[in-house]
Amino acid sequence: MTDALLPAAPQPLEKESDGYFRKGCNPLAQTGRSRLQNQRAALNQQILKAVRMRTGAENLLKAATNHKVREQVRLELSFVNSDLQMLKEELEGLNISVGVYQSTEEAFTVPLIPLGLKETKDVDFSVVLKDFILEHYSEDSSLYEDEIADLMDLRQACRTPSRDEAGVELLTTYFNQLGFVESRFFPPTRQMGILFTWYDSLTGVPVSQQNLLLEKASILFNIGALYTQIGTRCNRRTQAGLEGAVDAFQRAAGVLNHLKETFTHTPSYDMSPAMLSVLVKMMLAQAQENVFEKICLPGIQNEFFTLVKVAQEAAKVGEVYRQLHTAMSQAPVKENIPYSWASLACVKAHHYGALAHYFAATLLIDHQLKPGADEDHQEKCLSQLYDHMPEGLTPLATLKNGHQRRQLGKSHARRAVAHHEESVREASLCNKLRNIEVLREVLSVAHQRSRLKYAQHQEDDDLLTLIEAPDIISKTEQEVEIILPQFSKVTVTDFFQKLGPLSVFSANKRWTPPRSIHFTAEEGDLGFTLRGNSPVQVHFLDPHCSAALAGAKEGDYIVSIQDADCKWLTVSEVMRRLKACGRDGVEMKVVSLLDFTSSMHNKCATYSVGMQKTYSMICLAIDDDDKTDKTKKISKKLSFLSWGTNKNRQKSASTLCLPSVGVARPQVKKKLPSPFSLLNSDSSLY
């Protein structure tokens with residue numbers, strides 16, 4: 001009877017929120033993970049300080065001409081680099097932590113790799129958003145203090161999400177809310193002056209931008225990271241727990257893959273396309289590993305066809321980890337991926353490859369073809385186990401010949417021992433893996449089991465007579481796949497919906513300040529009709545009516561009647577309010593949409609300590625040749641990492657750039673993109 005992998009012991013859930021904090025967040029819960037995040041934040045600060053010291057020393061080394069000064073600077077620089085390397089290794093140790101992210105293992109289970117959450121600094125939205133509401137929307141910004149506070153509270157809660165579906169929902173809620181915030185307050189023609197700072201989860205290097213896309217990309221990364229922590233926390237002792245782990249890792253791969261395809265020019269190492277590709281491979285490999293554990297969970301019957309199936313499943317896991325280790329060893333990922341991660345991928349590739357050969361040895365040595373057995377079925381299974389049989393052997397002849405069968409089985413056992421020895425050696429070379437006791441036990445027991453199987457049938461002339469065991473074809477009954485994120489499943493209400501329908505009242509459009517129109521309906525006739533749907537527009541305006549003489553124009557949007565807001569009212573509701581005013585007259589406020597035809601440079605400086613080539617610009621090229629054309633179009637955006645030129649419009653990034661106002665064209669309705677349009681290809685400009 002062969003041994004199966006025994007899953008993890010159940011672990012008590014984290015302390016749930018006491019109701020004071022937002023659902024999905026509890027910053028006061030003193031769990032191991034929250035303490036780990038605090039350690040990570042402190043390490044990030046130390047890394048930032050060390051990087052700044054290194055940058056200063058390098059600048060001094062370039063500027064100094066005195067030989068003694070240069071030697072002293074070189075000495076100091078060597079100390080700083082040494083400290084920085086130690087901090088990086090300490091951060092790597094937090095990333096590979098088993099005791100915090102995973103359950104206590106009572107049985108032999110190979111640890112999984114979770115991702116740590118990206119850390120960020122506090123952001124104060126209040127001043128900037130209040131100024132924009134007053135300037136752009138011409139409304140009293142004090143009326144939106146609660147909404148701004150809700151937005152800031154939601155962001156703060158996202159820094160400490162709970163490790164469950166509620167935490168994922170919390171992060172998704174903030175991500176969806178950012179779509180509304182971007183449409184409301186972030187015009188394409190200017191920077192808002194809000195600096196977002198996020199720390200690289202692998203290197204600890206901070207990245208700062210006045211760009212909401214960095215915020216959105218980092219939240220996406222944390223959603224994927226949270227799924228990996230949920231997957232590693234699942235109870236791998238039950239079928240439901242393993243299925244949950246498979247689902248969590250597939251969803252993590254989906255989120256990270258979506259991040260890679262949507263935000264293609266992120267300035268952070270952990271969100272670069274190359275790194276995200278490796279992380280997606282790692283999540284799928286761990287999901288495939290959980291599939292193998294799910295097959296082994298009921299126990300592996302020492303039966304021919306079952307062993308063929310399990311051998312191919314183990315070969316599949318070994319194959320995906322082999323591919324993962326190859327990807328981790330390629331530049332530029334190799335320089336930033338934690339060494340312990342690459343080592344663990346290599347260990348698992350050899351470990352599961354050894355298991356495949358062990359199961360193949362067992363089915364060949366322990367099972368002889370007996371009279372009445374299904375020869376055709378066994379022959380078919382054995383032929384499908386290999387890409388090609390060893391030279392001079394055929395499936396049916398091998399099954400019938402006991403000596404050939406044992407010799408081929410011993411070849412698999414010997415190869416299993418070789419793979420186990422390599423996995424043990426690889427684990428011993430990494431200090432982090434050496435300290436993981438459960439990993440040492442798993443590798444040791446598996447190694448001893450394969451050695452015992454080989455020793456039971458070993459003969460003196462095996463070195464001369466044994467052939468090289470062929471590779472086992474990988475095959476699985478459940479091919480893991482990426483599960484795409486479905487952000488629309490989390491319903492979000494726009495915090496700032498009081499500003500009006502997003503189709504009109506957005507940062508991309510400009511209009512006149514509200515104008516008060518006081519008029520009376522003559523014999524019940526308003527002098528105009530209404531059209532549209534939230535907000536309602538003035539249509540077919542009689543130029544001689546009371547409303548027109550008071551200043552109303554055709555195409556005006558009605559924003560209030562008798563000081564009551566009506567931006568969200570339908571045509572019938574607005575008409576009822578107008579007719580209900582009676583003989584006292586109507587006090588109506590309207591706005592006129594302006595032609596939004598000109599814009600200025602939109603610079604976005606990315607500050608990333610210790611990283612090169614991260615100063616980025618978004619450049620909107622403007623056709624200056626035809627300035628009198630009202631239908632002037634903005635040319636296609638260039639890449640976020642491209643420099644553009646725009647004659648006679650050079651402006652400092654810190655200068656307040658307001659778009660110029662053109663001629664009003666209220667009859668032209670422009671379709672406003674969805675607040676989540678950045679989920680499409682346009683956001684690849686980031």
Side-chain angles (χ1 to χ4, degrees), residues 3-8 82 85-114 116 202 232 236 278 281-282 285-286 288-289 292-293 314-315 317-330 333-359 361 412-455 458 469:
D3 297 328
L5 292 178
L6 298 178
S82 177
Q85 182 63 29
M86 292 177 62
L87 291 173
K88 184 178 179 180
E89 290 178 358
E90 190 174 350
L91 183 62
E92 178 184 332
L94 297 182
N95 289 330
I96 198 64
S97 176
V98 176
V100 173
Y101 286 114
Q102 304 185 52
S103 301
T104 303
E105 306 287 354
E106 291 183 355
F108 303 119
T109 310
V110 181
L112 301 172
I113 302 176
L202 303 179
T232 57
R236 292 154 68 189
V278 170
K281 288 180 182 293
M282 185 169 73
Q286 295 187 137
Q288 195 68 58
E289 183 180 1
F292 175 75
E293 291 181 341
V317 180
E319 180 185 55
V320 294
Y321 272 113
R322 211 163 35 245
Q323 295 171 352
L324 173 62
H325 181 256
T326 301
M328 287 180 169
S329 303
Q330 303 296 321
V333 175
K334 182 180 180 181
E335 302 299 326
N336 299 296
I337 200 79
Y339 174 68
S340 53
W341 290 9
S343 297
L344 187 57
C346 184
V347 167
K348 289 188 177 185
H350 286 292
H351 174 69
Y352 286 103
L355 289 181
H357 286 286
Y358 170 78
F359 292 129
H412 280 292
R414 187 173 66 175
R415 194 166 176 187
V417 171
H419 275 295
H420 280 307
E421 289 175 349
E422 187 62 25
S423 66
V424 172
R425 186 190 69 84
E426 191 69 32
S428 65
L429 294 177
C430 178
N431 182 49
K432 302 300 180 184
L433 300 185
R434 253 196 330 265
N435 295 328
I436 302 178
E437 182 179 356
V438 64
L439 179 61
R440 295 200 313 269
E441 293 178 357
V442 168
L443 300 181
S444 176
V445 169
H447 185 202
Q448 294 298 328
R449 184 179 59 184
S450 295
R451 288 181 60 185
L452 179 62
K453 174 64 69 175
Y454 179 66
Q458 186 178 11

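All heavy atoms count here, side chains included; hydrogens, waters and symmetry mates do not.
- Residues Y358 and S450 share a closest heavy-atom pair of CD1-OG, 3.7 Å.
- Using a 4.5 Å heavy-atom threshold, the side chains of Y321 and Q286 count as touching.
- Contact check for W341 versus L344: no side-chain heavy atoms found under the 4.5 Å cut-off.
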Problem - Evaluation steps, side-chain contact (heavy atoms from CB on, under 4.5 Å), between E319 and Q288 - result: CA-CA 10 Å; E319 180 185 55; Q288 195 68 58; over 6 Å; no
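- Contact between L355 and R449 at its shortest, heavy atoms only, is CD2-NH2, 3.1 Å.
- The CD1 atom of I113 sits 7.5 Å away from atom CG of L324, with the distance rounded to the nearest 0.5 Å.
- The shortest distance between side-chain heavy atoms of H420 and R451 does not fall below 4.5 Å.
- Ring geometry for H419 against H350 counts as tilted: the plane angle lies between 30° and 60°, on a 0 to 90° scale.
- The minimum heavy-atom distance linking H325 with S329 is given by the pair O-OG, 2.8 Å.
- A heavy-atom distance below 4.5 Å is found between the side chains of L112 and K348.
- Residues A427 and V347 come closest through the heavy atom pair N-CG2, 3.6 Å.
- Smallest separation of non-hydrogen atoms from K281 and A327: CD-CB, 4.0 Å.
- P111 is listed as a side-chain neighbour of V438, based on a closest heavy-atom distance under 4.5 Å.
- Closest non-hydrogen pair, S423 versus H351, comes out as CB-N, 4.1 Å.
- Expressed to the nearest 0.5 Å, how far OG of S340 lies from CD1 of I436 amounts to 7.5 Å.
- Between E422 and R425 a salt bridge is recorded (basic side-chain N to carboxylate O distance below 4.0 Å).
- Using a 4.5 Å heavy-atom threshold, the side chains of Y339 and K432 count as separate.
- Here the side chains of V424 and S444 are not in contact, with every heavy-atom distance at 4.5 Å or above.
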